[in-house]
Amino acid sequence: MRITTAACLLFITFASQAKTWIVDQRKTITSIQKAIALASFGDTIRVMPGLYREGNLIVKKTLALIGVDYPVLDGENKYEIFTVTGKNILISGFKLINTGRGSIDDISGISAVQTKGLIVRNNKFENTFFGIHLANSSKSLIENNTLRANAEAEYQIGNGIHAWKCDSLNIRNNDIAGHRDGIYFEFVTHSRIEKNFSHGNMRYGLHFMFSHHDEYVANTFRNNGAGVAVMYTQDVNMIGNRFENNWGSSSYGLLLKDIRDSRIEGNLFAKNTVSIFMDGSSRCHFEKNVFRESGWAVKIQANCDENIFKANSFLSNTFDMATNGSLVLNKVDYNYWDNYQGYDLNKDGIGDLPFHPVSLYSMVVEKMPSSIVLWRSFLVYLLDRSEKVVPSITPESLKDSHPVMKNYDYHF
Amino acid sequence: MMKIAKYVAYDIIRNRFVLLYTLFLLIVTGSMYSLDSDAGKSTLSLLNIILLVVPLVSVIFTTMHFFNSYEFIELLLSQPVNREKVFISEFLSVALALSFAFIIGVALPTVLLANSAAAVYLIFSGVLLTFVFVSLASLASVLTRDKAKGIGIALLFWIYFTLIYDGLILYVIYSFSDYPLEKVTLLLSSLNPVDLARIVILLKLDISALMGYTGAFYQNFFGSSTGAIYAFLLLLAWIIIPLWIALRKFIRKDI
């Protein structure tokens with residue numbers, strides 16, 4: 001049965017030719033497979049509620065697939081559900097469950113290969129191996145999806161949203177939990193990740209590799225196995241994100257490895273073992289961030305250079321900064337430190353004495369982790385004090401020459 | 001025994017030292033909580049007080065009190081009273097008086113102003129540390145007849161447990177830093193009552209820094225009920241063993 005309604009015409013670019021196909025288990029077209037085969041370029045397929053066990057659905061033409069009231073597509077723990085290639089394809093309103101698993105193939109809820117203008121919107125993913133897998137695609141929008149998996153080990157599960165060799169993606173408002181990496185980017189350029197909530201993933205909430213000129217804004221990363229990792233990349237803007245509750249020995253709020261020319265601005269780092277860990281990174285700007293209740297607010301390896309920390313707030317951290325060498329090529333200025341004990345005689349709001357954020361004992365702990373057992377003992381207090389008076393081990397040049405006296409008023 | 005304890009307690013209250021100590025703790029605790037809006041931070045500052053001041057006051061007061069009431073003890077022993085009873089009641093009344101001061105000075109404001117799991121641990125450890133150091137000071141008092149020497153030995157105990165012992169641990173960690181030391185440091189530090197109290201409280205407070213590998217290891221141990229019981233039993237041992245040795249010495253002592 002072919003029904004063409006005026007309302008559906010609005011969805012489609014080629015209005016004059018486009019038709020709408022309805023898949024309903026009680027009507028003539030009972031399977032999505034069949035509808036896809038019948039439909040031609042630019043048509044819309046509306047799928048009515050029900051449970052569909054159709055194996056792998058291959059979409060190779062421009063179609064709009066719209067689920068009504070979340071029809072369930074079941075991969076029966078064997079199949080990939082959607083395999084998509086082509087231009088301007090829309091997949092919206094489905095519930096995708098139980099994809100197959102594989103150690104060679106990246107079996108996904110939706111796998112997009114060489115697509116352009118793909119839109120994946122308002123879908124629910126449950127127990128998928130990979131949620132959404134994009135390869136060699138561009139100008140795509142992934143929006144308002146919910147992804148849930150419950151793997152017990154990293155090797156059992158794929159990533160929530162996985163993008164490889166893509167360009168100009170927009171990933172917005174997704175809620176991802178229980179995967180290996182919440183969002184994974186490899187060779188992805190000019191893309192934007194916005195307002196996503198990535199939590200409880202096995203490895204990283206967000207994982208960036210070789211992905212230049214991207215930005216991620218206003219996301220929340222909470223309780224992930226190892227936090228967020230950004231590696232081997234240049235020109236990334238990380239703005240207004242929340243990095244929270246990443247606890248564990250190799251867990252970081254944000255891990256920066258070989259990053260260049262990036263901006264980290266207005267983020268909140270709270271309750272992480274290490275809020276920022278930097279290794280081999282250069283020319284990054286850290287501004288207006290808040291670091292609170294972390295074990296180490298910033299661990300900066302001596303191989304980082306020309307980074308600038310300005311106007312950040314450091315509150316209730318056990319150690320504000322730690323480093324592993326005496327050579328310091330980074331600039332720290334105009335931050336607020338709640339551990340600062342200096343004074344401000346001329347009342348210009350800037351402390352008259354420089355603040356040394358690296359304490360002696362943080363260097364000791366860096367070298368011998370088990371010495372954390374003596375933290376906050378009288379002995380350590382004496383050591384830190386005497387080092388403050390006559391610095392000999394801590395890097396003398398790592399200091400904030402203009403520590404502000406009053407906390408910045410950043411709101412989150 | 002109750003009668004003797006009652007007289008000793010009366011004597012302690014009369015000499016005002018405990019009253020001053022209570023007042024001092026009360027002022028310090030009150031000002032800590034009113035100075036800093038972050039209750040967690042105030043609790044941390046209080047931790048330093050408890051780990052340093054409580055043991056120090058306990059050892060000094062106990063030895064002073066013991067030597068000052070030496071004549072009273074002599075008088076008691078000339079009567080048909082059991083030596084054991086005299087000594088235990090001396091110990092109990094001093095320890096209870098100091099604990100009472102601690103509870104009013106620290107525990108009360110803490111519970112009222114910043115009640116948390118860490119605060120409960122803090123109060124518990126404070127009371128136990130008071131008992132431990134009163135017990136150690138009692139040992140120091142019976143070891144010698146000379147008052148100055150007795151106080152010296154008691155202070156030595158204090159400085160050993162708050163400072164020297166940690167230095168030794170740091171030295172061990174430094175010398176054997178190539179080896180996995182988690183279990184060794186756990187054992188070594190738990191053998192010092194001050195360290196033990198500090199770690200137990202810290203695990204409730206500074207959790208993130210301690211959540212590195214070593215920290216996670218401690219967290220696993222002391223966070224479990226076995227760990228809590230272990231810590232409690234060790235502190236109890238630190239009360240009972242010195243007291244027992246002191247008691248044996250006191251019974252055999254030629255006064």
Side-chain angles (χ1 to χ4, degrees), chain A residues 223 226-227 243-253 269-275 277 291-297 299 315-322 338-339 341 359-385 393 407, chain B residues 36 38 40-41 44-45 47-48 51-53 55-56 158-159 161-190 192 194-199 201-203 205-219:
Chain A
N223 264 331
F243 301 84
E244 296 172 327
N245 290 28
N246 298 293
W247 276 359
S249 59
S250 55
S251 189
Y252 311 102
F269 297 87
K271 298 188 177 176
N272 304 300
T273 300
V274 181
S275 272
F277 183 87
F291 299 87
R292 59 163 60 222
E293 291 162 76
S294 296
W296 286 265
K299 260 193 184 178
L315 308 166
S316 308
N317 301 299
T318 304
F319 300 116
D320 287 322
M321 273 196 176
D338 68 342
N339 286 330
Q341 288 168 326
S359 69
L360 168 70
Y361 211 64
S362 73
M363 308 269 306
V364 173
V365 171
E366 181 75 27
K367 280 208 186 88
M368 301 174 288
S370 47
S371 60
I372 189 81
V373 71
L374 294 175
W375 175 238
R376 286 204 187 281
S377 66
F378 187 48
L379 175 79
V380 169
Y381 175 79
L382 286 184
L383 285 176
D384 268 346
R385 270 296 140 122
I393 298 167
N407 190 8
Chain B
D36 213 317
D38 185 0
K41 266 191 132 181
L44 264 183
S45 319
L47 176 72
N48 288 330
L51 296 181
L52 280 179
V53 175
L56 180 62
W158 175 75
I159 215 164
F161 285 118
T162 51
L163 203 60
I164 297 171
Y165 192 87
D166 288 347
L168 293 176
I169 291 186
L170 195 61
Y171 181 73
V172 169
I173 293 173
Y174 189 76
S175 319
F176 298 96
S177 59
D178 293 341
Y179 299 89
L181 283 173
E182 279 73 30
K183 282 183 187 163
V184 180
T185 49
L186 178 80
L187 183 74
L188 283 179
S189 54
S190 68
N192 175 350
V194 179
D195 277 346
L196 193 62
R198 179 173 51 78
I199 291 169
I201 299 168
L202 219 53
L203 283 175
L205 280 171
D206 247 327
I207 203 112
S208 30
L210 289 162
M211 283 308 280
Y213 177 72
T214 319
F217 180 77
Y218 289 118
Q219 181 66 21

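Each chain gets a letter, A, B and so on, in the order the sequences are listed, and its residues count up from 1. Quick caveat, the model's predicted, so the values are computed rather than measured.
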Peer 1: Please identify, among Leu163(B), Asn48(B), Leu181(B), the residue contributing the most non-hydrogen atom pairs under 4.5 Å to chain A.
Peer 2: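 Result: the option with the highest number of such pairs is Leu163(B).
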Peer 1: Do the ring planes of Phe277(A) and Tyr252(A) sit parallel (below 30°), tilted (30 to 60°) or perpendicular (above 60°)?
Peer 2: tilted
Peer 1: Return the orientation label for the Tyr361(A) and Trp375(A) ring planes: parallel under 30°, perpendicular over 60°, tilted otherwise.
Peer 2: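 Because their plane-to-plane angle is under 30°, the rings of Tyr361(A) and Trp375(A) count as parallel.
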Peer 1: Non-hydrogen atoms of chain A under 4.5 Å away: do they reach the side chain of Leu47(B), the backbone, both or neither?
Peer 2: side chain
Peer 1: Which label fits Phe161(B) and Tyr165(B): parallel for a plane angle under 30°, tilted from 30 to 60°, or perpendicular past 60°?
Peer 2: tilted
Peer 1: Under a 4.5 Å heavy-atom cutoff, which of Leu51(B), Thr185(B), Ile169(B) has the most pairs with chain A?
Peer 2: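 Sorted descending by pairs with chain A, the first entry is Ile169(B).
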Peer 1: Where does Leu383(A) contact chain B at under 4.5 Å (heavy atoms): side chain, backbone, both or neither?
Peer 2: side chain
Peer 1: Let me know if Asp166(B) has heavy atoms under 4.5 Å from chain A in its side chain, its backbone, both or neither.
Peer 2: both
Peer 1: At a 4.5 Å cut-off on heavy atoms, which part of Leu52(B) comes close to chain A: side chain, backbone, both, or neither?
Peer 2: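 Side chain only.
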Peer 1: Counting distance only, does the side-chain N/O of Asp320(A) pair as donor-acceptor with the main-chain N or O of Asn339(A) below 3.5 Å?
Peer 2: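 Between the backbone of Asn339(A) and the side chain of Asp320(A) there is no qualifying donor-acceptor contact (under 3.5 Å).
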Peer 1: So, taking the atom named CD1 in Ile173(B) and the one named CG in Leu168(B), what distance separates them when rounded to the nearest 0.5 Å?
Peer 2: 11.0 Å
